Structures are given as structure tokens and as C-alpha cells.
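Please read these numbers as outputs of a predicted model, since none were measured by experiment.
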Amino acid sequence: MRLTLIVSSLFVANSAAFTVPSRPHAAATTAAASRRASASPSDVDGSYDFDVAVIGCGVGGHGAALHARGQSLSTAVFSGGDVGGTCVNRGCVPSKALLAASGRVRDMKNEHHLESMGIKVSGEIEYDRQGIADHAKNLAANIKGNLGNSLLGLGCEVIEGRGVLTGNPHEVKDEATGKVYTAKDIILAPGSVPFVPPGVTVDEKTVYTSDGALELQFVPEWVAIIGSGYIGLEFSDVYTALGSEVTFIEALPNLMPTFDREIAKQAERILIRDRPIDYRTGVFAAEVTPGIPGEKPVTIKMIDADTKEHVETIEVDAAMVATGRVPNTANMGLEDMGIETNRGFVAVNEKMQVLTKAEDGEVVPNVYCIGDANGKMMLAHAASAQGISAVENIAGRSHEVNHDAIPAACFTHPEIAMVGPTEEQCIERAEKEGWSLGKSQGSFRANSKALAEGEGAGIAKVLYNKDTGKVVAVHIIGIHAADLIQECANAVAAGTTVKELSMMVHTHPTLCEVLDEAFKGAVGMSAH
């Protein structure tokens with residue numbers, strides 16, 4: 001059997017280039033401190049070109065700009081020619097289009113599932129690869145246009161060049177034209193880019209990052225996906241649905257190392273064992289050499305994660321590099337402002353104010369950083385929440401984002417979703433803080449709506465503080481888990497107790513009754 005490879009992103013930690021902090025020279029730091037201490041001409045007379053300048057126009061920068069305009073603040077957005085950023089153009093949005101299309105192919109090919117509902121499909125199920133790719137491309141273009149129009153409609157000035165700091169307070173330079181603009185407050189929202197580990201050669205044809213994978217240039221018979229996180233899992237879902245075979249290769253002993261362990265085991269059973277997928281653990285992809293489609297294979301050399309000894313070399317049709325992402329903060333003038341980064345990440349406090357360094361750093365006045373660049377939570381909607389929070393603080397209303405209440409999802413079929421820490425992390429937190437952890441579970445196999453859909457696989461796990469009754473975390477794997485998690489995120493954010501949730505009425509028959517079962521179980525009640 002030919003198989004698709006997914007290698008852990010965790011071996012990036014072995015790269016010195018990935019782990020060495022970026023530190024400004026002492027002279028640069030001293031000069032930057034001097035500039036921060038001295039007032040600019042704009043600071044003296046109180047006149048600026050804009051109240052707020054946002055560097056970056058992804059979901060975070062867009063959200064910050066919209067909220068700034070909502071507070072009647074004059075706002076400029078330096079888009080860098082990339083309205084929508086990674087999420088809209090090379091991430092969340094187009095990937096969901098590929099998953100939607102490939103998911104329908106999978107469903108239509110599942111004869112047993114269809115026949116159980118009295119449906120028969122005659123003939124071979126076919127798909128148009130270019131048509132699926134165009135669906136993703138067109139969706140991204142449409143959303144990008146909508147975002148750009150919303151900025152203009154609210155009176156934001158969109159500057160096409162990339163914004164960089166000049167080293168002087170309140171200044172942003174348009175890298176394309178060299179023009180310098182002034183703003184009372186600056187929000188950094190540069191986003192991130194795919195991380196390519198040493199030894200991996202990317203040509204974006206046969207060896208590609210998620211950027212290239214979204215173009216779906218061809219459907220490999222055997223594709224290597226390096227990384228078993230969200231991105232790797234989602235693309236394994238796409239590829240297997242379209243006919244590829246898959247092998248996961250993971251540096252750690254377990255697949256999906258960042259997931260809740262119980263959910264990861266469920267995912268392995270549902271998303272891996274029943275599909276043409278194999279895996280290896282405890283192995284790094286040390287060397288990846290591109291090939292030529294249809295002529296020359298991609299070569300992948302694997303080494304033992306502990307001993308670093310060569311264990312296997314394989315040849316595949318394609319390889320996808322999904323080893324995580326790094327901040328897009330290089331060459332944007334951070335050092336000139338005395339800002340020290342760690343692996344490219346910008347240190348911020350809970351109000352999103354930029355610090356000169358992570359440990360005992362000073363606040364850089366009137367400069368904020370949101371989204372992937374600060375590393376607090378590399379999710380598009382987290383970036384947007386941080387952008388709104390930054391604007392709230394700029395407007396004089398103190399605000400901090402509760403990152404424990406921000407949900408996340410992996411859009412496989414079925415989906416995985418979560419909010420709050422894993423069970424393992426909750427156990428550690430409870431022991432450290434001195435409270436008792438409670439756990440209750442609901443099953444999709446007992447849910448009428450899930451059974452009607454023929455989708456009974458999966459669970460919803462609620463973790464709560466027994467002493468206060470408050471929900472701490474929820475982890476779900478099952479049909480439409482990404483939609484179900486919002487109720488749980490709201491409960492965490494509001495400090496709602498399992499007792500209160502157990503008495504709330506859930507529509508019948510709906511999937512959310514899986515949560516109702518878990519909430520009721522937490523207080524000793526039974527759900528019908």
C-alpha cells in the first residue's frame with residue numbers, strides 16, 4: 001500500500017535558528033530608549049496623521065481597524081498588499097472550501113453509509129480537481145473583497161505598502177513608497193508565515209507548505225505531510241477523501257501531541273484507523289528533496305528522534321510541510337524601537353502593549369501587538385479578539401482577553417473542537433491551585449440527531465471545578481463539533497456553572513443535547 005507521510009512539527013525545536021532569540025545590539029537599545037524618552041514633533045502639538053495605525057490586514061488587523069472606527073478613531077491600515085492575511089488567502093477560508101468539497105466526495109463514496117439511509121448511487125463518483133481548487137480560490141477572493149470593502153466603507157485608509165517602524169515614536173513608514181505617517185497609537189498585526197525546518201527544500205510544487213497545498217495543483221497517490229497538528233490532520237482528511245493514501249510520522253511517542261489525550265485516541269480510531277492511513281512515531285524528517293510530478297519522486301530521509309540515527313528513506317509523490325508557523329516580524333523595525341523578540345515573537349502584557357523583552361521588559365508607549373506575532377494563541381479569531389482588546393485599551397477602557405475562553409477547532413470529518421486546557425493540563429492546574437477536578441461526558445451514540453445522520457461516533461467531555469461548579473474546559477470530537485463548542489466557550493467566559501447549564505433547555509432533537517447529557521451528568525442528573 002502506498003501511504004501519505006505526516007511528520008511532527010516538534011523537531012523544529014532542534015533547530016538553533018528557530019530557538020535563538022533576536023536581540024538588538026546594546027547601542028541600538030540605548031538609542032531606542034533615548035528616542036522613546038524624547039517627544040516627537042507630533043507629540044508636542046498633538047497632531048497626528050491618524051489616531052490609530054494598524055500594520056497588517058489579516059483577521060486581527062481588520063478586526064482592530066473596524067473597532068477603532070467604531071470608536072470614531074481615524075484609522076490607517078497598512079495592508080502590505082495582503083488584505084485578509086493568511087486566514088482568508090492561505091489558511092482558514094480556502095482550506096474549509098477544500099474540506100467541504102472533499103467531504104462531499106467522501107460521503108458520496110461511502111456506500112454503506114448511504115445504503116443505511118436507503119440511498120443508492122450508481123456509477124463511479126468523480127470530481128474535478130481544478131473545480132475544487134477554483135472553489136477554494138474563488139471563496140478566498142470573495143471574502144478578501146468583502147473585507148477590503150468593509151474597511152473603505154467605514155472610512156479606514158488602506159495603504160497598500162507594508163508598514164515598518166522607523167525607530168521614532170508614533171511613526172510608520174510605507175515600505176513601498178518610503179512615505180512616513182504618524183499615528184498616536186500603533187497596532188502591530190503582521191501575522192505569521194509557514195516554518196520550514198532546516199534540511200527541507202520547498203519548491204511549492206512537489207514539496208510545499210500549506211500555502212502551496214491550498215492550490216491543489218495535483219492529487220498525489222502518495223503524499224508526505226510533515227506535521228501532525230491541525231493542518232496535517234485537515235489535509236489528511238482532504239487527501240484521503242480524494243483518493244490519496246496517508247502515513248503519519250510523529251517525533252513524539254503519540255500522534256497529535258498537543259491534543260487532549262482522550263480526544264486524540266478517539267481521533268486516531270475515527271480519523272486514522274478506518275482510512276488508508278499508516279503512521280510512524282518517534283521519527284524526524286531530516287532531509288526532504290523535491291521531485292518532478294509524474295517523473296521523479298520526493299525523497300524523505302528519516303532519523304530517530306532520540307538517537308538522530310538514520311532509520312528509513314522513502315520516496316513519495318509529494319510532501320507537505322506543516323511544521324507550524326513563525327511570526328512575520330522580520331525587517332519591520334522592531335530593533336530600532338528597542339524591542340527584543342524571541343524566535344520572532346513580540347512580548348506583550350495582558351493589555352496587548354508591547355514590551356521591550358519578555359522577562360522584566362518595559363512597556364513601549366503607544367505600541368500594541370496582536371495575533372500570531374505575539375504567540376499567545378495563534379488563531380485568527382484570537383487575533384481579532386486581541387485587536388478589539390487593544391483598541392479598548394487605546395480608548396481608555398481597560399480590557400484583557402481571557403484566552404482560556406477562546407475555542408479552537410480542527411475541521412476534519414468528523415470535527416474536533418475544544419476550549420480551555422486539556423484534561424492533563426487541568427489535572428496539573430487543579431493540583432497547583434488546590435481545587436478538585438470534575439469530569440462528565442456525553443456521547444454522540446446516544447444522540448437522536450447524530451444517529452439520524454448516521455454519525456454516532458464521538459464524545460463531548462466537560463471538565464469543571466468541583467468546588468465552584470464552573471466549567472474549566474470542554475473537548476469534543478463528533479459531527480459539527482466546531483459549532484457545538486461555542487456554547488461551551490460562552491460558559492467558560494461567563495463563569496457559568498454545570499448546575500446552571502444542567503437546567504438550561506436544549507432543543508430536541510439536536511446535536512447540542514450531547515452537551516446537555518454531559519452537563520446533567522456533572523450534577524447527577526440523567527438526560528433522556
Side-chain angles (χ1 to χ4, degrees), residues 7-26 28-29 32 55-56 58 60-61 80 85-87 90-91 162-165 187-202 209-211 226-232 250-252 257-258 284-286 288 305 308 321-350 352-364 367-380 382-383 386 390 401 403 406 408:
V7 187
S8 170
S9 64
L10 294 177
F11 78 92
V12 301
N14 291 324
S15 166
F18 186 68
T19 56
V20 176
S22 170
R23 299 181 182 275
H25 295 298
T29 303
I55 300 178
T86 294
C87 175
R90 301 170 299 280
R162 183 189 188 219
V164 297
L165 302 177
I187 299 176
L188 309 179
S192 62
V193 294
F195 173 69
V196 179
V200 178
T201 302
V202 171
T209 64
S210 55
D211 291 0
I226 306 173
S228 67
Y230 292 79
I231 297 173
E250 170 59 54
L252 292 180
T258 62
F284 293 148
V288 181
K308 305 302 183 289
V321 184
T323 50
R325 301 182 66 84
V326 292
N328 185 27
T329 54
N331 305 314
M332 64 180 302
L334 297 175
E335 295 83 1
D336 295 333
M337 290 290 290
I339 300 169
E340 176 183 312
T341 64
N342 188 345
R343 295 176 293 143
F345 291 105
V346 176
V348 298
N349 61 20
E350 293 305 312
M352 300 299 128
Q353 294 172 301
V354 170
L355 305 176
T356 53
K357 57 183 179 179
E359 294 294 330
D360 301 319
E362 299 177 1
V363 170
V364 179
V367 182
Y368 299 76
C369 182
I370 66 172
D372 289 2
N374 69 32
K376 283 185 172 291
M377 201 172 200
M378 298 178 80
L379 297 169
Q386 292 172 2
V401 175
H403 289 89
I406 296 179

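Between V367 and L188, some side-chain heavy-atom pair lies under the 4.5 Å cut-off. Counting heavy atoms from C-beta on, the side chains of L165 and I55 come closer than 4.5 Å. Considering only heavy atoms from C-beta on, D211 comes within 4.5 Å of P194 through its side chain.
Annotation: side-chain hydrogen bond (donor to acceptor under 3.5 Å, both in side chains) contacts of N328 (sequence neighbours excluded): none. When the side-chain hydrogen bond (donor to acceptor under 3.5 Å, both in side chains) test is applied to S210, no partner is found at least two apart in sequence or on another chain. When the side-chain contact (heavy atoms from CB on, under 4.5 Å) test is applied to A383, no partner is found at least two apart in sequence or on another chain. A search for side-chain contact (heavy atoms from CB on, under 4.5 Å) contacts involving T86 returns R90, R325, not counting sequence neighbours. Taking the side-chain contact (heavy atoms from CB on, under 4.5 Å) definition, one finds that V196 meets it with V200, V202, T209, sequence neighbours left out.
The nearest pair of heavy atoms linking G344 to T329 is O-OG1, 2.7 Å. Taking each heavy atom of A305 and A251 in turn, the nearest pair found is CB-O, 3.5 Å. Shortest non-hydrogen contact noted between F195 and T323 is O-OG1, 2.6 Å. Between Q386 and G371, the shortest heavy-atom contact is OE1-N, 2.7 Å. Nearest heavy-atom pair across I370 and G60 is CD1-O, 3.4 Å. The nearest pair of heavy atoms linking A373 to P327 is CA-CB, 4.0 Å.
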Stepwise, does the side chain to side chain contact (heavy atoms under 4.5 Å, CB included) test hold for V346 with L334?
-> CA-CA 9 Å; V346 176; L334 297 175; 3.8 Å; yes
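Side-chain N/O atoms of E350 and H403 include no donor and acceptor closer than 3.5 Å.
In this structure, N331 CG and R162 CZ are separated by 6.5 Å, a value rounded to the nearest 0.5 Å. To the nearest 0.5 Å, atom CD1 of residue I226 and atom CZ of residue F284 are 12.5 Å apart. Residue L355 holds its CG atom at 11.0 Å from CD of E340, rounded to the nearest 0.5 Å.
With T356 as the fixed residue, the side-chain contact (heavy atoms from CB on, under 4.5 Å) test singles out one of I339, V363, V364: V364.
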